[in-house]
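This report refers to the structure that appears directly beneath it.
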Amino acid sequence: MRTIFGLTLGALLVLTSTAVAQPAPWARPGEEPIDPYAVTDANAGAEPLAEGAVFEAFGGAEGVSRIIDDLVDRSVIDPRLEEIFKPTDLVRLRRTLKEQVCFILGGPCAYTGRDMASSHKDLGVTTAEFNALVENLQGAMDAAGVPFRAQNRLLAKLAPMKGDVVER
Amino acid sequence: MASGLARRIISGGSLFRQLAAVTGLWLAFTAGTAGAQETERSGKLLLTGGVSSIEGAGGGGLAPWALITAYGAAGQVGANLHATVAELPDYQFRSGGIALGLQDRLELSYARQSFDTGATGARLGLGQGFTFRQDVLGAKLRVLGDAVYDQDRWKPQVAIGAQWKSNDQPGVIAAIGGRDHEGVDYYVAATKILLDHSLLLNGTVRATRANQGGLLGFGGDRNDDYSLQFEGSAGVLLNKRLLVGAEYRTKPDNLGFAQEDDWFDLFAAYALNKNLSITAAYADLGDIATFEDQRGLYLSIQAGF
Ligand code: HEM
């Protein structure tokens with residue numbers, strides 16, 4: 001009895017979800033499959049900035065998108081980091097990073113990625129690698145003409161994530 | 001090799017010859033590592049080890065900070081050499097030395113300081129060009145906090161340290177009322193980088209008996225006990241390579257023959273890259289051995305690897 005009820009409920013769920021054609025909130029077409037997780041802005045690991053000036057200084061969502069693409073481009077060819085990023089789904093990484101930075105800068109974005117601890121679990125990231133990524137981010141922000149003080153507003157939000165990202 | 005080099009830097013004469021010696025060394029070093037230009041080497045972020053303070057420890061110009069010198073992160077060792085000159089109206093101060101940062105946890109440093117009395121030496125009755133020399137061995141241990149990463153809490157990075165100082169002029173020191181030519185300073189330093197304000201703040205409390213940092217010995221006819229002194233630094237990061245700020249360092253006044261003043265400076269520390277940084281300061285060292293208003297230019301070059 002219970003199984004029949006369960007199966008019916010399951011079938012119903014599948015039916016409704018295909019009917020509305022909503023993708024799972026944790027995944028997007030064109031990305032590699034990923035185990036489900038609870039989607040919440042809290043996964044971004046920082047409270048968003050209250051005022052809009054810093055987001056403006058980054059050039060809004062478009063500026064953030066260009067900066068993150070540049071950051072990823074730099075990091076995958078950086079001899080200090082390339083090994084770590086080899087198996088990574090870069091389509092997903094670019095999307096979630098853009099969401100995260102846009103959200104933290106107070107932009108009109110929701111973060112749908114995983115939290116920092118589970119995203120970096122078992123990667124074995126070192127402090128030196130963390131700093132290398134920050135340097136690449138600084139390089140990308142410089143290239144985009146983001147003023148130094150605005151850059152530091154973002155870095156101040158990211159710096160405390162070291163505890164969740166770095167394992168060694 | 002290190003102390004030989006330090007000695008060569010110190011006895012090198014002119015400021016430019018000293019800087020050239022270090023720059024040459026740096027060029028020789030970078031020639032071997034060329035290619036790693038675009039992406040900087042691993043380790044810490046620019047300027048997060050401070051520069052070389054006058055006693056050799058990582059810090060500002062005048063005060064040691066809680067930051068561990070050089071660009072070694074956790075799991076790494078970093079090292080640097082420094083050469084410093086301060087041109088004062090009646091004296092010239094020089095220093096050269098080496099410092100190691102281990103795992104961003106422990107710092108070991110050695111500096112050899114020279115305090116050249118030049119023409120003033122004759123007027124002090126010491127003889128033209130009379131020079132006090134002092135060796136300073138330093139150790140600093142980071143005990144809590146992280147100035148760079150703890151941006152979500154007020155807690156500063158805190159370090160404890162000691163500096164063992166030995167001056168080579170016991171006779172003159174005794175003659176001016178000093179009690180010892182050797183002494184140990186102990187300090188606690190707290191550093192906070194407020195990244196969202198691009199600010200660096202440091203406060204250091206030092207227990208010391210040193211007269212003019214030990215260049216005029218330790219303890220004196222007026223006071224022979226340890227006293228607690230405060231050293232404060234504040235700097236603004238103007239960009240990732242340039243830190244400008246001010247420092248204030250209180251000092252004991254142990255000797256009867258001459259008043260000793262607090263030290264003050266305005267500094268700019270510029271990191272060309274992770275291998276080379278330059279600090280320029282306007283330093284006001286007050287009265288020194290009866291000669292008043294010792295204000296002048298302080299220049300320091302630091303080569304790291
Ligand atoms: C504050 C610094 C960092 C932030 C904000 C950050 C952010 C992110 C985000 C949003 C994701 C995707 C999460 C998801 O897929 O749901 C991610 C994944 C990843 N990050 Fe980071 N990251 C940081 C530091 C680092 C560092 C220093 C490294 C390595 C040097 C690194 C390597 C990776 C890799 C390899 C993945 C993909 C993991 C996978 O495929 O499962 N991250 N990071």
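Residue numbering restarts at 1 for every chain, and letters A, B, ... go by the order of the sequence lines.
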> For residues B:Gln302 and B:Ser52, is any side-chain donor paired with an opposing acceptor at under 3.5 Å?
Replying inline: yes
> Parallel under 30°, tilted from 30 to 60°, perpendicular over 60°: which one fits the rings of B:Tyr149 and A:Phe130?
Replying inline: perpendicular
>> Under a plain distance cut-off of 3.5 Å, with no hydrogens placed, do A:Trp26 and A:Thr112 share a side-chain donor-acceptor pair?
In response: no
> For B:Ser95 and B:His82, does a side-chain donor sit closer than 3.5 Å to a side-chain acceptor?
Replying inline: yes
> What's the verdict on salt bridge (Lys or Arg N to Asp or Glu O under 4.0 Å) for A:Arg92 and A:Glu32, showing C-alpha distance, side-chain angles and the deciding distance?
Replying inline: CA-CA 8 Å; A:Arg92 176 182 172 84; A:Glu32 289 165 19; over 6 Å; no
> Counting a contact as any heavy-atom pair under 4.5 Å apart, which residues of residues 144-160 of chain A contact chain B?
Replying inline: A:Phe148, A:Arg149, A:Asn152, A:Arg153, A:Leu155, A:Ala156, A:Ala159, A:Pro160
> Are A:Arg95 and A:Glu31 close enough for a salt bridge, meaning some N to O gap below 4.0 Å?
Replying inline: yes
> For A:Glu135 and B:Lys274, what are the C-alpha separation, side-chain angles and deciding distance, and is it a salt bridge (Lys or Arg N to Asp or Glu O under 4.0 Å)?
Replying inline: CA-CA 12 Å; A:Glu135 281 172 9; B:Lys274 284 187 182 170; 2.4 Å; yes
> Judged by modelled atom types alone, do B:Ser233 and B:Glu247 share a side-chain donor-acceptor pair under 3.5 Å?
Replying inline: yes
> Taking B:Leu237, B:Leu194, B:Asp150 one by one, which has the highest count of heavy-atom pairs under 4.5 Å against chain A?
Replying inline: B:Leu237
> Mind checking which of residues 42-63 of chain A sit less than 4.5 Å from chain B, heavy atom to heavy atom?
Replying inline: none
> Under 3.5 Å, is there a donor-acceptor pair linking the side chains of A:Ser75 and A:Asp78?
Replying inline: no
> With a 4.5 angstrom heavy-atom cut-off, which part of B:Leu238 approaches chain A: side chain, backbone, both or neither?
Replying inline: backbone
> Sub-3.5 Å donor-acceptor pair from the side chain of A:Arg114 to the main-chain atoms of A:Ser119, do we have one?
Replying inline: no
